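Before any comments, here is the structure.
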Amino acid sequence: MRTVGVEEELLLVDPETGEPRALSAAVLARAAKNDADQDVFEKELHEQMLEFATHPQSSMESLRAEIVRCRKEAARHAGEIGCTVAALATSPLPVSPAISINQRYQWMAEQYGIATREQLVLGCHVHVAVESDEEGVAVVDRVRPWLQVLLALSANSPFWQGHDSGYSSYRSRVWQRWPSAGPTEIFGSAERYHRLVTEMVATGAILDDAMIYFDARLSRQYPTVEIRVSDVCLHSGTAALVATLVRGLVETAAREWRAGQEPLDHSVSLLRLAHWQAARSGLTGELLHPATLRRMPAEAVVRALLDHVGQALADTGDLERARAACEELLREGNGAQVQRELMKRTGSLRDVVTECVRHTQA
């Protein structure tokens, strides 16, 4: 059974005002005093962000428990210096991002200008074990059309600098400013994948291969495929669902590769349109069906994803739980819908943030 790990980026906020706080260095210093957390929490691009990484898990129940534990530990460390954490993919309240003191991040600020200064967005990355780079690239080639559905499920960034952006996932639109971000063409082999990465780094437009921000890529550090399309999810259960679906997609793609089934040959231009549609409407309107790239109700496309990965999920005992979680999400709404409903009810972005703090730690 393939192991799965999750990286989440959390927003540091004032528990009373909901305003982002540039205190990641202090929070990390607190976490470093705890032996159990020394390899869990990491610095990110902006001082208002805190990242954690779970340990690899085989059981999705164990993975969710690990996500909950890490979120609670992040809140505990943050609370010791007077702030807290919120699983929000953008700050609903206006913010002036503070770039972390780090040679790498300073290079990025000089290279990319305002794109770096404004890049206070928070995502969820899922790592799934693969047997080799060849299998990994085969997976990357075959999951491409389905990743937009994960974006729609996880969408949790409707507000930007104090205003409604009109998007369910505005984070994903800001993320596209990086020159190496987004969907990729079909590689066909690990050799072609690595050759392209080498050529991209050689241009000097990016610093190194850590800046290969493909929606799906081979991890630099682990024997995994890393899926990078999701917003950080408001609820830990949604994060666990996304991870479950990602493992199902990876296993399904690997089986297709071994059976000699070719990947769907959608162009990058069409995949970008599918991702734009998912970012715009989330689960509240229509998505592009991954097979046909024609509009269908979001509910139908989510169920198509479940059908696509159904056998892989059944084999790991996750199918019924994933199906129930998807139905609940379609019924209750993703993070973007929750945020907008809170804004409609309270009329206050401050209340949106402080209420989302509670959801984060539930």
Side-chain angles (χ1 to χ4, degrees), residues 1-12 24 27-28 30-44 49-80 84-89 122-130 150 153-154 156 216 219-251 309 312-313 315-322 324-326 328-329 334-335 356-362:
M1 187 180 297
R2 297 179 191 271
T3 57
V4 187
V6 167
E7 297 169 346
E8 282 195 330
E9 296 162 343
L10 301 174
L11 185 66
L12 295 169
S24 66
V27 176
L28 287 168
R30 290 281 182 173
K33 296 179 180 179
N34 187 332
D35 291 343
D37 290 339
Q38 286 186 359
D39 63 342
V40 173
F41 297 101
E42 300 178 8
K43 180 188 289 289
E44 255 298 339
M49 303 169 66
L50 180 70
E51 181 179 45
F52 72 77
T54 70
H55 294 106
Q57 304 291 330
S58 297
S59 159
M60 292 298 99
E61 290 183 357
S62 297
L63 182 64
R64 179 174 181 177
E66 181 82 347
I67 293 169
V68 170
R69 185 190 71 80
C70 290
R71 287 185 176 198
K72 288 184 180 296
E73 283 298 287
R76 182 173 69 83
H77 295 312
E80 291 174 352
T84 189
V85 294
L88 295 168
L122 304 101
C124 172
H125 305 156
V126 181
H127 289 259
V128 180
V130 290
L150 303 178
L153 289 165
S154 68
N156 185 32
S219 171
R220 298 170 65 244
Q221 297 176 285
Y222 311 110
T224 64
V225 165
E226 182 183 4
I227 305 300
R228 303 169 52 86
V229 294
S230 299
D231 283 9
V232 66
C233 300
L234 180 58
H235 301 110
S236 59
T238 307
L241 169 64
V242 168
T244 301
L245 294 171
V246 169
R247 180 164 70 172
L249 279 169
V250 170
E251 178 60 27
V309 299
L313 294 185
D315 291 345
T316 56
D318 295 319
L319 180 57
E320 292 310 315
R321 187 180 299 109
C326 283
E328 180 181 6
L329 201 58
N334 57 19
C356 285
V357 166
R358 185 182 66 80
H359 285 282
T360 298
Q361 300 176 42

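FYI, side chains are in, hydrogens and waters are out, and symmetry mates aren't considered; it's all heavy atoms of this structure. For clarity, every value in this text was computed on a predicted model and none was experimentally measured.
Across every non-hydrogen atom of Asp231 and Ser154, the tightest pair is N-OG, 3.1 Å. Ala362 and Ser236 get closest at one heavy-atom pair: O-OG, 3.8 Å. Looking at every heavy atom in both residues, Leu329 comes nearest to Asn334 through CD1-CA, 3.9 Å.
Residues Leu50 and Leu28 form a side-chain contact, since some pair of their non-hydrogen atoms from C-beta on lies under 4.5 Å apart. Side-chain contact check for Val126 versus Val4: some heavy-atom pair is nearer than 4.5 Å. Inter-residue side-chain proximity for Ile227 and Leu249 is flagged as unmet; no heavy-atom pair is nearer than 4.5 Å. Looking at heavy atoms from C-beta onward, Arg2 lies in side-chain contact with Val250 at the 4.5 angstrom threshold. Between Met49 and Leu122, the closest side-chain pair of non-hydrogen atoms falls below 4.5 Å. Two residues are said to be in side-chain contact when any heavy atoms from C-beta on lie closer than 4.5 Å; Glu44 and Glu42 fail this criterion. Under the 4.5 Å side-chain criterion, counting only non-hydrogen atoms from C-beta, Asp318 is in contact with Arg321. The side-chain heavy atoms of Glu8 and Cys70, taken from C-beta on, include no pair separated by under 4.5 Å.
Panel note: side chain Arg247, backbone Ser58; a donor-acceptor pair is recorded below 3.5 Å. Within the 3.5 Å criterion, the main-chain N or O of Glu7 finds no donor-acceptor partner in the side chain of Glu51. Glu9 places a side-chain N or O within donor-acceptor distance of the main-chain N or O of Gly123, the cut-off being under 3.5 Å. For the pair Thr360 (side chain) and Ala87 (backbone), a donor-acceptor distance under 3.5 Å is present.
Residues Glu80 and Arg76 are paired through a salt bridge, judged by an N-O separation under 4.0 Å between the basic side chain and the carboxylate. Salt bridge annotation for Arg64-Glu61: absent, with no cationic side-chain nitrogen under 4.0 angstrom from a carboxylate oxygen.
Residue Leu88 holds its CG atom at 11.5 Å from SG of Cys233, rounded to the nearest 0.5 Å. Taken to the nearest 0.5 Å, the CZ atom of Arg30 stands 13.5 Å off from the CD atom of Glu73. Atoms NE2 and CZ, from His125 and Arg228 in turn, are 4.0 Å apart once rounded to the nearest 0.5 Å.
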Would you please test Cys326 and Leu245 for side-chain contact (heavy atoms from CB on, under 4.5 Å) and show each step?
-> CA-CA 10 Å; Cys326 283; Leu245 294 171; 4.3 Å; yes
Thr54/Ile67 under side-chain contact (heavy atoms from CB on, under 4.5 Å): CA gap, chis, key distance, verdict = CA-CA 7 Å; Thr54 70; Ile67 293 169; 4.0 Å; yes
Can Val85 and Leu12 be said to form a side-chain contact (heavy atoms from CB on, under 4.5 Å), step by step?
-> CA-CA 5 Å; Val85 294; Leu12 295 169; 3.7 Å; yes
Would you please test Leu150 and Ser230 for side-chain contact (heavy atoms from CB on, under 4.5 Å) and show each step?
-> CA-CA 6 Å; Leu150 303 178; Ser230 299; 4.1 Å; yes
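Put simply, the residue from Leu313, Thr244, Thr316 that forms a side-chain contact (heavy atoms from CB on, under 4.5 Å) with Met60 is Thr244.
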